[in-house]
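One structure is given below, encoded as C-alpha cells.
One-based numbering, in listed order, for ligands and for the atoms of each.
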Amino acid sequence: MYYYRLGNIPPKRHTQFRQPDGSLYKEELVSSEGFSGIYSNLYHTYPPTRIKALKDPVKYGPTRINDYALRQTHLNTSKVATTGDDYLNARKVLLTNADCSISICSPRQRKMDYFYKNAEGDEVLYIHDGKGTLISPFGKLDLRQGDYIVIPRTVIYKLEFEEGPLRLLIIESSSPVETVKRYRNQLGQLMEHSPYCERDIRPPHELITDTRPGEYLLQIKKQGYLHQYIYDYSPLDLVGWDGFLWPYAFSIHDFEPITGRIHQPPPVHQTFQAHNFVICSFVPRLFDYHPQAIPAPYNHSNIDSDEVLYYAEGNFMSRRGIERGSFTLHPGGLPHGPHPGTVEKSIGVKETHELAVMIDTFRPLFLTSDSLEFLDANYPMSWTDPASGPFHEVNTP
Ligand SMILES: [Fe+2]
C-alpha cells in the first residue's frame, strides 16, 4: 500500500496531542509482522485497551472433511439466495487449509448491529453482488459490485448493504495479503508493467468520530471461537490516523489484462499474493493474436498446487453445469484441461467477456461439511462424457 492519512494527527508521532478538554488523545500503533511490516498510527478518544465486559466465547468455524477422494470438483452455489441471517453465521467456508479459507456469504440482514474483527487472518471480500459501505475506525469505504475489499487482520468493521442481491466471496488468509511483489519497485511503488496502480486503490474516504457512550459489542474471531467483547464507547472513536495499513477497495474492473500473440499463463492474471497462495482475476480481454493461436488453454498438470476458480460473469452461463457462482477445484496431482470440443471451437475467437476469480494454493485444500450440498457428482467424468457434466468457458485454465 501507500502512505495515507485521514482526520487530525499531531505533527510528530509519539508526542502530546490534546483533546479540546486538555486531556491527551490515546495513540495506538497498529503494526504487522512485528515491527517489520506495514503499520499505521491511530489517535483514539478513549484508551483502546479499556473494556466493559467479557462474555463467553462462541464456537465458530468449519468442519473439515479429511477423507475426500482425489477428484476434479465442481461446487455449484448458483442457486443460493441466502446462506444465513447475519454476516457471521452466513459465512460458509467451502474450502480450507492452513493458509487460507474460501467462503460464500449471502446474509439475509443487510446491516450488522455489532462490530467484528478477524484477529487471525486478513480478509478479502469479493463483492459479486451488492452495494454498500464498510464502516471501520479508518473511515467509510464504498463497496461496489466487482470490488475486492482487502481488510488487514484486527481491523474492526461492520458492513451495511443496500437492498437487492447480495453475494460475497470471502478469502481469509493466515498471512498478509499484498499487491504482487514483481509489480513493485524497491520502494514499493507499483511499476509501469503492473496491471493496476495506486490510482486504482480506493482508501477509506470519510472518518467517523463517534464519542457517544453506550454499549458496543465486538465479536473477535480467533482460534475457533468468536470472542464477545463489550465496550462502553464506540470503536469509531478516532480523530485521525496515518500510515500504510488500512482497508482498501480495488475493483476487478480496473484490472488491465495482459495479452499476447499466444496463450498467456495464469500468472499474468495475478492480483494479490500471500504466503502459499495467490489470487488472480480473469477479466474481459482480447484473445491471442498469432495467426495460428489456440485461445483455449492447454492441458495442465499442476504438480504442486490446487487451483480454484470462482465463476463470476460470462459466457459459461450458457454452458451445461458451470453457472454464475460455480467453483471448480482442480487439485494438484491430476491433469486438467479444456472440455471436449472447446479447443477447435476457440480458434478464431477474438475476445472473451468472462469474469472469474482464481485462488491457487500451494498446499492441498480440504472440502468442508458445508460444501457437500453444492457438490456436482458428475464433474469428474465431464471430460470423458461431455453429456455428463459442465463445459466451461475456453479461456480459464
Ligand atoms: Fe491450471
### 2.8 Å cut-off met by an N, O or S atom of H330 to the Fe ion (ligand 1)
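Given the 2.8 Å cut-off, H330 does not count as a ligand of the Fe ion (ligand 1).
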
### Task
Assess E307: does it contribute an N, O or S atom lying under 2.8 Å from the Fe ion (ligand 1)?
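For E307, the answer is yes, given that an N, O or S atom comes within less than 2.8 Å of the Fe ion (ligand 1).
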
### Query
With respect to the Fe ion (ligand 1), what is the nearest N, O or S atom of H336?
NE2

### Name of whichever N/O/S atom of H300 is nearest to the Fe ion (ligand 1)
ND1

### Task
Answer yes or no: is there a side-chain heavy-atom contact under 4.5 Å between K59 and Y225?
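With C-beta onward as the side chain, the pair touches.
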
### Task
Would you tell me whether D129 and Q145 have side-chain atoms, one donor and one acceptor, within less than 3.5 Å of each other?
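Present: a donor and an acceptor within the cut-off.
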
### Message
Check this for me, if you would: do E27 and R13 make a salt bridge, where the nitrogen-to-carboxylate-oxygen distance has to be below 4.0 angstrom?
### Response
no

### Task
Using a strict cut-off of less than 4.0 Å between a Lys/Arg side-chain nitrogen and an Asp/Glu carboxylate oxygen, indicate whether D232 and R50 qualify as a salt bridge.
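Answer for the salt bridge query: yes.
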
